[in-house]
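Have a look at the structure below before the remarks.
Atoms considered below: every heavy atom in the structure, side chains included; atoms not considered: hydrogens, waters and symmetry mates. Remember, it's a predicted structure, so these values are computed and weren't measured experimentally. In what follows, residues are counted from 1 in the order of the sequence shown.
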Amino acid sequence: MRGARADADGALRGATGVFGGTFDPIHVAHLAVAEAARDALQLRRVLFVPAARPPHKASQRVSPAPDRLAMVRAATADNEAFAVSTVELERDGPSYTVDTLRELAAAEPPGSRLALILSAEAFADVPTWRDPAGILALATLVVVPRDGYPDADPAALTAAIPGVTAPQVVVLDGPRMQLSASELRARARTGRSLRYLVPDAVAAYIGDHALYQDHHKDPSR
């Protein structure tokens, strides 16, 4: 595993992992990625951080924060190494990763380093995020590969972000689970089963609250 070799000195052992997203809905691939990172790097815990207003999805409709938060809590309840942070939901304005990391780092023991878990797709966009140098100063990037996207290359960050010379990046070798939240929403909208794609508690929540249904549709049709 490349991740194990990249973190051979165990620098992240006992650290807190940070896994952000809209989680609309949270699904089994999210959970598998978080557990793979926790296991490979011996993280103390993984914090799931639902976004309030993702800057990159400003033009997209996102389910209400209370629903997304409830689904994340339901999905992670049976893993004692998983926890949920509402830091972004409690903060006004867009959910910028650097602001979240600063707030979470302030609650960690002195000298601790966070592990920011993200996909290869998200890794490619890091240079375009707010204060990418600040992100790399606070966290090691833990990248999970995704088919169709190149492997994470630390040299690309060095070239793209002024002032960054030795970014800390750990690349895991999987899991490679291709699930799309948009596809799951479409399945729910048409009444198709979400079993084995999302945790049972999440599927129940979606059904009980009629999430992803078109409530503006003419009922006569």
Report summary line: What one should report as the nearest heavy-atom pair of Pro127 and Phe123 is CD-O, 4.0 Å
Requested in this report: Using only heavy-atom distances, determine whether the side chains of Thr22 and Arg68 contain a donor-acceptor pair under 3.5 Å.
Outcome: no
Report summary line: Scanning both residues in full, the closest heavy-atom pair of Ala51 with Glu88 reads CA-OE1, 3.1 Å
**Report entry** CA sep, side-chain torsions, deciding dist, call: Thr100, Arg91, side-chain hydrogen bond (donor to acceptor under 3.5 Å, both in side chains)
**Finding:** CA-CA 9 Å; Thr100 298; Arg91 188 171 63 229; 2.9 Å; yes
Query raised in the report: Regarding Arg130 and the six-membered ring of Tyr96, is the cationic atom NZ or CZ under 6.0 Å from the ring centre and inside 45° of its axis?
Result: yes
Query - Exceeds 12 heavy-atom contacts within 6.0 angstrom, atom CG of Asn79 - result: yes
Query - Under 3.5 Å donor-acceptor, Asp24 side chain and Ser63 backbone - result: yes
Requested in this report: Could you tell me whether the side chain of Ser85 and the main chain of Val49 form a donor-acceptor pair under 3.5 Å?
Outcome: no
Query raised in the report: Which class fits the ring pair His27 and His30: parallel under 30°, tilted 30 to 60°, perpendicular over 60°?
Result: parallel
Requested in this report: Show your reasoning for whether side-chain contact (heavy atoms from CB on, under 4.5 Å) applies to Gln178 and Arg146.
Outcome: CA-CA 8 Å; Gln178 300 303 309; Arg146 183 167 184 177; 3.6 Å; yes
Query - Candidate pair Arg102 and Asp131, rule side-chain contact (heavy atoms from CB on, under 4.5 Å), full reasoning - result: CA-CA 12 Å; Arg102 285 176 180 144; Asp131 192 3; 2.6 Å; yes
Report task. Start with the C-alpha gap between Val169 and Thr140, add the side-chain angles, then the distance that decides, and say whether side-chain contact (heavy atoms from CB on, under 4.5 Å) holds. Result -> CA-CA 6 Å; Val169 179; Thr140 296; 5.9 Å; no
